[in-house]
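Contents: one structure, followed by commentary.
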Amino acid sequence: MRLSSVSLPHLGPEVERPGYDREGQFAGIVHFGIGAFHRAHQAWYTDRAMELGDRNWAITGVSLRSAAVAAQLNPQDGLYTLTERSSAGNHTRLIAAVKTVLVASDAPHSVVSALASPNTHIASFTVTEKGYCRAADGSLDLALAGPGSIYHFLAEGLRQRHDAGLSGLTLLSCDNLTDNGGQFARLMREYLDRQDSGLGKWFEAECSCPSTMVDRIVPATTDADRMQVAAETGLDDFGAVMTEPFSQWVIEDRFAGPRPAWERVGAQLVTDVTPYETAKLRMLNGAHSALAYLGLERGHTYVHEAVADPTLRAIIDRLMREEAAASFVAAPQQNLTVYADELLARFANPALDHRLIQIAMDGSQKVPQRWLATLAGRQAAGARCPAILSALAAWLRHLRGDNAAKWGPVDDPRANELRQLWVKNDSAGVVDAMFGQLGLLGGPWIAAKADRAMICAELSHFPSTKAEPDALA
Ligand code: CS2
């Protein structure tokens, strides 16, 4: 039997369930990108806020293109289970915050109507780094920001709100980008100005785009996970999500209108998220990407295996403590040594099968804020970052196709362009094109001669049989 409002009485008694009445509650949030991460993070916070009595914050989920999540959740009335896994055991909770899931490409008008509803106060999004449609110089890439992009739907929704004399919205970015709210505000404004819609000024005056730091490790759910959930809860749940016990959400307290009382369920509302976001991107995500590229080529599949490898452990220890943590000024209440210890413990969670290949995707979108920002900061202070340089070399090998035989083609929106680099250049040429004066990633770091030499030396330790032009063409 499948999970739904009707089958709920059959859900195993050990599953924690929210005590609030779902019926009659308005949807106050429209969320774009309702993948596993949102369901384990923002939806979980919102569910618990509603349990404490907050009303009318149900979530309308939106997938921009894929109908997969709609097919998982709509037949289940939006219900799904969230299982926290650790060596202490599993803890499963039913999440009831999601009302419905719309597929924007199939039902664009419904998405715009949801945004234009007087009950909606927040449009949030986890559209991944590439969903922001940025060109290498950080400006809006108009070829990408077309009618299928988040900008299009938000612009239409905002236009209707404006025309109806309604309030603006809080547009809440929950992706792993530096200054995610600030970047989004700039890109959205650029989009509106390009449309010549006259909405730009209204957007600036009536909407707000707080920055947030979001953190929870959420591996992609597998069929084996779903079978385990069915065995443990007694119901089939096609929308089941697995995660770790830890979660953190730091939000810049700058909302255009009402918001859920997320601080009552553990979110931190602050005036400046920068130190939290920087620590998270450079230490957690920076170490994650290093484990991914170095770990895959050393034969590991999961994060917990890679972090147990003494060679890799030493590299990410150094990357986090001596390179990333030294590259920015922490807030007084942050202890980066303790933070690094906690990250290592989280990575080692043996119950969470977090695949390295999941982290390895979209490197071109992740590397700038995870590694290059640290490299630039340390370079300005006259220091070098050998751990990150090793990781960069591993990423270049990954782009060359070194892991492709086992893990398939490189999954990155710029995969073809970056693979062509290897077809046309030797190692030094690739390093120069990526990290020289006109670096393909658009900065913020230009490699010094010694750094280029070190990356090249690391590349030559792993001569690839797949680097032959014929094999790549
Ligand atoms: C990971 C993140 O896939 C990745 O790139 O580094 O998704 C990471 O698990 C989350 O940011 C943790 O909060």
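When a residue number appears, it is its place in the shown sequence, counting from 1. Atoms within a ligand are numbered from 1 in the order they appear, just like the ligands themselves.
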One line per pair, note the atom names and distance for all nitrogen or oxygen contacts under 3.5 Å between ligand 1 and the protein.
unit_1, atom_1, unit_2, atom_2, d
ligand 1, 5 (O), Lys366, NZ, 2.8
ligand 1, 5 (O), Arg370, NH1, 3.0
ligand 1, 5 (O), Arg370, NH2, 2.9
ligand 1, 6 (O), Asn285, ND2, 3.1
ligand 1, 6 (O), His288, ND1, 2.8
ligand 1, 6 (O), Arg370, NH1, 3.2
ligand 1, 11 (O), Asn176, ND2, 2.9
ligand 1, 11 (O), Lys280, NZ, 2.6
ligand 1, 11 (O), Asn285, ND2, 3.0
ligand 1, 13 (O), Asp215, OD1, 2.6
ligand 1, 13 (O), Arg216, N, 3.0
ligand 1, 13 (O), Arg216, O, 3.3
ligand 1, 13 (O), Lys280, NZ, 3.1

Can you tell me how the ring of Tyr293 sits relative to the ring of His398, calling it parallel under 30°, perpendicular over 60° and tilted otherwise?
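Geometry flag for His398 against Tyr293: tilted rings.
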
Which label fits Trp395 and Phe435: parallel for a plane angle under 30°, tilted from 30 to 60°, or perpendicular past 60°?
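Taking Phe435 first and then Trp395, their aromatic rings sit tilted (interplane angle of 30° to 60°).
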
Non-neighbouring partners of Arg186 that pass side-chain contact (heavy atoms from CB on, under 4.5 Å), sequence neighbours left out:
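With sequence neighbours excluded, Arg186 shows a side-chain contact (heavy atoms from CB on, under 4.5 Å) to Gln183, Glu190, given in chain and number order.
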
Enumerate the residue pairs fulfilling ring-ring contact (aromatic ring centres under 6.0 Å, His included) with a member in residues 296-323, sequence neighbours excluded, ordered by first and then second residue.
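Sorted result for residues 296-323: Tyr302-His304.
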
So which pairs with a foot in residues 252-274 pass ring-ring contact (aromatic ring centres under 6.0 Å, His included), sequence neighbours left out?
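Listed by first then second residue: Trp249-Trp262.
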
Looking only at side-chain N and O atoms, does Asn285 offer a donor or acceptor that is under 3.5 Å from a partner on Lys280?
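Yes, a side-chain donor-acceptor pair sits under 3.5 Å.
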
